[in-house]
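Each remark here refers to the structure printed beneath this line.
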2 protein chains.
Amino acid sequence: MAPRATAKSAESTDKVGVICRALRRAIIEQALEPGAKLPEDSLGERFGVSRTIARHALGQLAAEGLVELRRNRIAVVATPSWQEARDAFDIRIELERLVVRQLAGKLTKAQVTALNAHVDAEDAACGGADAVSIRLATEFHILLASMTNSPILVRYVSEVAYRCCLTLSLYSRPHSSECGVTEHRAIIAALVKGDEAKVMGLMHSHLDSVATRALVAPAPQRGRDLLDILAPYAEEDSGERVVKLAKAVRAR
Amino acid sequence: MAPRATAKSAESTDKVGVICRALRRAIIEQALEPGAKLPEDSLGERFGVSRTIARHALGQLAAEGLVELRRNRIAVVATPSWQEARDAFDIRIELERLVVRQLAGKLTKAQVTALNAHVDAEDAACGGADAVSIRLATEFHILLASMTNSPILVRYVSEVAYRCCLTLSLYSRPHSSECGVTEHRAIIAALVKGDEAKVMGLMHSHLDSVATRALVAPAPQRGRDLLDILAPYAEEDSGERVVKLAKAVRAR
DNA sequence: GGGCATCAAAGTGCATGCAATTGAGGCGTT
DNA sequence: AACGCCTCAATTGCATGCACTTTGATGCCC
């Protein structure tokens, strides 16, 4: 309805945007696992651009929290801690409640059919690859957000949804992703009906259940995660020792 | 309490970070008004770095919504629409409610004194420069967020607070910034008392009042804003004409 | 006098080159 | 065999250079 403004904010320079989108997708489909290395050269070569551009793209993704940039080191796909994962979900819940609050009873027919079509796609993908159904489920929420016509809200919801998606690949047991298709349908129905309070509650419980179902307990010693387990012990005083130990550990 | 992880995410490359912080501050202190041009060369020269770095910094700030990047054009300080400003405040309210919810009754003595010290500083600056008191008020909220030890929450609150700050320079009448010192103090008191519901309500009304008090109505024709006023009329059909008109307008 | 083509100056888009840092393997010592 | 040291390939940090685009100023024609 409102005039679609030309996407003017970040990522406009196209080539950078292409790389960002590709990596983002690869990450949420778990083709790139947390910790995966992302050397600038390789990226540049893959996408047919120079390191400068690849670097810029990595910068953007780092700003979104999807990759980690350490000075003079190869960039890697982010490995959020379990607590960060939980925090991300908490934020996401609030943001998405805002989304459905704004949308309740205000969806156009076209929007409703678009949503239904998307959920149908989710349904179809449910039996197939895990990665795809996770991605589709995430994109449902982003699609919803994009209907608010609030660029800021879209950006934050997208970002935090991607982050949550990333954490799922770290802390969820396989197939715990169980398509929330029925919940998505319920949300659409409540939105159409215009019941603000109900749809906010639905969204809350939907996301909360995804979080608690997927984010299984901190996953005791799992090889790489030893570092994280050690982290809390790395307090000021005996910091040196632990750092050294951690280094030894990391060297496998 | 939790071990402070080394800031590993974006903006790590230092030189870029320095520029980002400087520009961010200049923007929220209104030394750089919305629409101000930010040529890469000038920035590079000013900060003693090459265009490459300046460019990278602009990219980061664009990702935060503080500057606008248009292809082949000079970057400018962002000029959010009135609606975007309102949206930003709505998001901010939810995020900051989350902050105080997590913090209620859990502040350490040191944190309380830090908060009080900050509010004292706000108080002191209240009579002085408008820009400084706006900045301090914003930083109070960021300080609060940083006490959650949730890096993600800190990032989002900071970002959206900066954006709100930016919008204030666009849509608020001078001095409407009226230091919310007393409200800040009330929030601290409620946090210490640990009354979760109350402090969430306080934060809500505090931000909401700032928003409605500061964001005066869309400010009918104010020169530059003509473009925005025209925007809704730029629907599909007669698009060409309006674009042309808009261009003529922009040329002053 | 006003509109319009033309052109130089300014600025961005991007690749490349060089210096600096890292970390991994090899070698000697204990 | 374990530990430390050294060296070198891999990789990042950053500046510079060149091509292309935008801007706006000049002069021409009506």
Side-chain angles (χ1 to χ4, degrees), chain A residues 6-20 22-23 35-63 67-77 224 227 240-241 243-252, chain B residues 6-20 23 35-63 67-77 224 227 241 243-252:
Chain A
T6 63
K8 59 190 172 180
S9 67
E11 200 164 302
S12 51
T13 48
D14 232 14
K15 294 207 188 186
V16 172
V18 169
I19 301 181
C20 282
L23 287 184
K37 292 181 181 174
L38 302 169
E40 298 174 358
D41 316 336
S42 321
L43 257 49
E45 195 181 354
R46 229 303 138 267
F47 290 96
V49 298
S50 84
R51 272 202 316 124
T52 308
I53 305 305
R55 182 183 187 73
H56 203 87
L58 286 175
Q60 297 294 311
L61 292 172
V67 324
E68 281 171 22
L69 249 35
R70 302 110 91 210
R71 190 175 175 87
N72 281 317
R73 310 278 290 278
I74 302 180
V76 296
V77 176
R224 168 171 56 221
L227 252 184
E240 292 299 318
R241 300 185 78 104
V243 166
K244 202 172 174 187
L245 171 58
K247 215 161 188 179
V249 167
R250 182 160 46 128
R252 267 144 242 257
Chain B
T6 63
K8 59 190 172 181
S9 67
E11 201 165 302
S12 51
T13 48
D14 231 15
K15 295 208 188 188
V16 172
V18 169
I19 301 182
C20 282
L23 287 183
K37 291 180 181 174
L38 302 169
E40 298 174 357
D41 312 331
S42 320
L43 256 47
E45 196 181 354
R46 187 109 273 356
F47 290 97
V49 298
S50 83
R51 272 202 316 125
T52 308
I53 305 305
R55 182 184 186 72
H56 204 86
L58 287 174
Q60 298 293 311
L61 292 172
V67 323
E68 280 171 23
L69 249 35
R70 301 111 90 211
R71 190 174 175 86
N72 281 317
R73 311 276 289 276
I74 303 180
V76 297
V77 175
R224 167 170 56 220
L227 253 184
R241 300 185 77 105
V243 166
K244 203 172 175 188
L245 172 58
K247 214 159 189 179
V249 166
R250 182 159 49 124
R252 267 143 242 256

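Residue numbers begin at 1 in each chain, while the letters A, B, ... track the order of the sequences.
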For atom [atom1] of [X] and atom [atom2] of [N], their distance in whole Å:
X: B/K37; N: C/dG11; atom1: NZ; atom2: P; answer: 9 Å
X: B/R55; N: D/dG17; atom1: CZ; atom2: P; answer: 18 Å
X: B/K15; N: D/dT12; atom1: NZ; atom2: P; answer: 18 Å
X: A/E40; N: C/dG17; atom1: CD; atom2: P; answer: 16 Å
X: B/L58; N: C/dC14; atom1: CG; atom2: C1'; answer: 16 Å
X: B/H56; N: D/dG13; atom1: NE2; atom2: P; answer: 9 Å
X: B/R70; N: C/dG13; atom1: CZ; atom2: P; answer: 11 Å
X: A/L38; N: D/dT11; atom1: CG; atom2: P; answer: 12 Å

Given [options], which nucleotide is nearest the side-chain atoms of [X]?
X: B/D41; options: D/dG13, D/dG17, C/dG11; value: C/dG11
X: A/N72; options: C/dT21, D/dC14, D/dG24; value: C/dT21
X: B/V49; options: C/dG13, C/dA15, D/dA15; value: D/dA15
X: B/R73; options: D/dT22, D/dT12, C/dA15; value: D/dT22
X: A/I53; options: C/dC14, D/dA15, D/dT11; value: C/dC14

Pairwise distance [atom1]([X]) to [atom2]([Y]) - rounded to 0.5 angstrom:
X: A/L61; Y: A/L69; atom1: CG; atom2: CG; result: 9.5 Å
X: B/I19; Y: B/Q60; atom1: CD1; atom2: CD; result: 11.0 Å
X: B/I53; Y: B/K15; atom1: CD1; atom2: NZ; result: 7.0 Å

_Here's a test for you: under salt bridge (Lys or Arg N to Asp or Glu O under 4.0 Å), which of B/R55, B/R51, B/R46 qualifies with B/D41?_
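When B/R55, B/R51, B/R46 are each tested with B/D41, the salt bridge (Lys or Arg N to Asp or Glu O under 4.0 Å) holds only for B/R51.
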*A/R71 side chain near D/dG13 phosphate (N/O to OP1/OP2, under 4.0 Å)*: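 So the side-chain polar atoms of A/R71 never come under 4.0 Å of the phosphate oxygens OP1 or OP2 of D/dG13.
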*Is any side-chain N or O of B/R51 under 3.5 Å from a base N or O of D/dG17, one able to act as donor and the other as acceptor?*
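When only heavy-atom distances are counted, B/R51 does reach the base of D/dG17 through a donor-acceptor pair under 3.5 Å.
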*When you match A/T52 and A/I74 each to their closest nucleotide on DNA chain D, which lands nearer the 5' end?*
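The answer here is A/I74.
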*Considering only heavy atoms from C-beta outward, does the side chain of B/V67 approach that of B/L23 to under 4.5 Å?*
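When only atoms from C-beta onward are counted, B/L23 and B/V67 do not touch, as no gap falls below 4.5 Å.
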